[in-house]
Number of protein chains: 2
Amino acid sequence: MTPSHQTLYLAPIVHAPTRAHLEIYDALICIRSGRVAWIERLPSLSQQAADTAAARRGTDLDNLVVVHEGFLCPGMVDTHTHAPQYPNNGLGHSLQLLEWLDALTFPLERKFSDDDYARQVYGEVVRRTLAAGTTTACYYSTLHVPASLTLAEVALEAGQRALVGRCSMDRNSPPDYVEESCVASMTSTHEFLDAFPHFFANTPSILSNGSAYANQPLVRPILTPRFALSCSPPLLSALGKLAKENDLPIQTHISENHAEIEAVRKAFPDLPSYAGVYDHFGLLTPRTILAHGVHLTPDEVSLIAERGAGVSHCPTSNVNLNSGAARVLGLLDAGVRVGLGSDCSGGPATGVLAAIRSADAMSRILAFEGLTARGLSIAELWFLATRGGADIAGVDAGSFEPGREFDALWIRPRSPGFWGGGDTRALFEKWLFAGDDRDIGAVWVRGRCVSGSPP
Amino acid sequence: MTPSHQTLYLAPIVHAPTRAHLEIYDALICIRSGRVAWIERLPSLSQQAADTAAARRGTDLDNLVVVHEGFLCPGMVDTHTHAPQYPNNGLGHSLQLLEWLDALTFPLERKFSDDDYARQVYGEVVRRTLAAGTTTACYYSTLHVPASLTLAEVALEAGQRALVGRCSMDRNSPPDYVEESCVASMTSTHEFLDAFPHFFANTPSILSNGSAYANQPLVRPILTPRFALSCSPPLLSALGKLAKENDLPIQTHISENHAEIEAVRKAFPDLPSYAGVYDHFGLLTPRTILAHGVHLTPDEVSLIAERGAGVSHCPTSNVNLNSGAARVLGLLDAGVRVGLGSDCSGGPATGVLAAIRSADAMSRILAFEGLTARGLSIAELWFLATRGGADIAGVDAGSFEPGREFDALWIRPRSPGFWGGGDTRALFEKWLFAGDDRDIGAVWVRGRCVSGSPP
């Protein structure tokens, strides 16, 4: 009766399939080929309840994992982060964006011309973000093709779901850290993209789950015009064309900092806005992730909503680099799709948990001051960190609804807080606001445990 | 040549003797009888430099501790926290102050009528806050005399510097968690205070450091009218009189939440303000710690500055309980003395580090929106967490200036961040914004290592 490669989890679960609903209940979840085949809500976390549910589903309980302590929740999606910048995490507090780029960021990114260095740093980045619960990461790498491919390889080997973007940047960057022309940049982009099938052909263990994944490999390339200022109009145009021809995802930065916005206005005097620049070049699509969006005008918000592009809200970074406070509630209410980003090393923390707390605080402080109607709810915070992020990353995970891939965390208390008794909701809130990576016992991506150990 | 009981530390140090100055340098520090006897700034962290400095001071290097990795900094001062509430840490996000008191706080505090329960919880609280770098804690306990004395005993045994306050609360509290009258409350307060010499007589190891400590024992009582609403006018009056007669420190809450402020206004219709209530009853003194101060009027700020009272800024709590955003920069500029408080369990985190980050974010977000002139500097944040807190707690520590007691932390990277090379400043910033309790290798109070192990 039991299909091979089926695993069942008997566990309390916490997930937010929509922005409005945080669902917390005891469940029996059936995973087949890395996907949630079905999920049954149980009256209690008992063997008897599991037996009944399994019988109703016509299956045995052969491969049953029982979560006696803690709960399962979807893995977190980091919709904006710079893999090469992790060594700078925690720095930059006294700087603003453009000075921070020159003083701290570009000098570090230059080092990734050395692929051995890249392998060492990226190995740590992937290992530590996975252990911190990041099951999907939307990575910027550097402009180097070999190091960018190394990042993809390292993520794939570790089993982290990733979108990997080699930075396109052919102007307004340091002389020794810039691409020499639009043509050279696009050549490198093609070289980067062309290498991807090669990876997957060599990793049958990842692809063997079946044809369902043929169109969504675990690690994918994403076009990455660094930001409007660092790309010439021909480069922006070429990338927009390439995205359209191949239905490729895109990630870039938008409206992070006042000085940056003013510089973009001057660089594109004939275009109506920062968002308008990307739209003009075909870079505002349903597959676009726009990092920050701190100072968007109402017209830009409407345009982004209309195009179906997503915004990666990066509050830890926006505080650290003195950028400003994005109006996330306004974005959501305008129909813009939103996820969270750690934006390392603009943001100091490894992983998404700090971004959740920062998004909470930022939204509440804006509400205190009458600048927005209310702070974000716990359901919204968790949705942004999981399902909302998965949506803008084009990833079929982020909740435990049937059909979605099983990217999950097992949370059980190990950090030195005060956990006490309490129900699953109390445990979840304690972890969300007072716990840390030590409480993450296991991390699954596409049904496979890739960090920690299952219960 | 070397006095007995002298220890020398050769270490990079980070401290903020004033709000304006973060000092970072390699030092040789001489500790005698728990105090900084002298500190020498060295040209480098070398044995030779230490030899030269020691010779200049006319001492040997017999008891020398060399900090090869990381740095030393003052221990953190938690100027407002509720020891019995730690089991609720992380809860309350969806509640406001007055409903949170009824739903979560009072039911938990009631349990401390059981002294065994108190000993168990307080043991964990003291152990974990010490390990998180809290060398001084200003604790509220509950209304129970035995459990409050247990907290003092537990802190003393563990070597944590503490001000312990038994809550005075004779009205506007649940029928089964309130003192029956002003007289009963004051009787309990006297019973609590009278027990203190008894503790110190029984702990010669703490007192043996000499007469310098006679007027500042490691654990001291602090008068604690819970807040204006929960104390009758006769009780406030009696506590003010007691404070004046015995020069006792005082801690209470002020202006945390709009509903609370309105209730205080109605309860004391003839008094000009919330701060005015405390002033009227003699409770606004240079030894008073006022927690929160979120919504103080300019008149209240002037009054508090004039009286020399301190404010404990509790940003994690003020976010969690939807209270509001205190204007810390405005308080400092008005001459009010300020420290930081974790306010557990209003605030979710164990220790002061989260309050530092939250104070940073809150101050910056207010500045983004033009509501204050600027965010707090790193020097100000660290000053608030150490020397500023020590000042309002009446504790002679918080910096490494000669004459101050040596309450210190050894910080060296162990949390799973990206620490890299970098100088002491980089390491300090990384710890402040991206590190955690795992990076605290040793904790000293009054020169004695009370958590972790020295290098």
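Here the structure is a predicted model, which is why all the values come from computation and not from measurement.
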For H93(B) and R364(A), run side chain to side chain contact (heavy atoms under 4.5 Å, CB included): C-alpha distance rounded to whole Å, both residues' side-chain angles, the deciding distance at 0.1 Å, then the answer.
CA-CA 11 Å; H93(B) 183 273; R364(A) 285 180 168 223; 2.7 Å; yes

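- Counting heavy-atom pairs under 4.5 Å between each of R127(B), R425(B), R438(B), H258(B) and chain A puts R438(B) at the top.
- The side-chain contact (heavy atoms from CB on, under 4.5 Å) search around T316(B) returns P348(B), A354(B), S358(B), not counting sequence neighbours.
- Residues satisfying the side-chain hydrogen bond (donor to acceptor under 3.5 Å, both in side chains) criterion with T350(A), sequence neighbours excluded, are N89(A).
- The greatest number of non-hydrogen atom pairs below 4.5 Å with chain A, out of G324(B), A132(B), A325(B), is found for G324(B).
- Chain B is approached within less than 4.5 Å, heavy atom to heavy atom, by E429(A), K430(A), F433(A), A434(A), D436(A), D437(A) from residues 427-437 of chain A, ordered by number.
- For E124(A), the parts lying under 4.5 angstrom from a heavy atom of chain B are both the backbone and the side chain.
- Heavy atoms closer than 4.5 Å to chain B are found in both the backbone and the side chain of V125(A).
- Neither the backbone nor the side chain of S345(A) comes within less than 4.5 Å of any heavy atom in chain B.
- Across all their heavy atoms, F418(B) and Y86(A) have their closest contact at CB-O, 3.0 Å.
- S377(B) pairs by the side-chain contact (heavy atoms from CB on, under 4.5 Å) definition with A379(B), E380(B), not counting sequence neighbours.
- Each of V294(A), N322(A), L91(A), L371(A) has some count of heavy-atom pairs under 4.5 Å with chain B, and the biggest count is that of N322(A).
- Only the side chain of F368(A) comes within contact range of chain B, with at least one heavy atom under 4.5 Å from a heavy atom of that chain.
- Ranked by heavy-atom pairs shorter than 4.5 Å toward chain A, the options G422(B), A349(B), P87(B) are led by P87(B).
- Between V319(A) and R357(B), every side-chain heavy-atom pair lies at or beyond the 4.5 Å cut-off.
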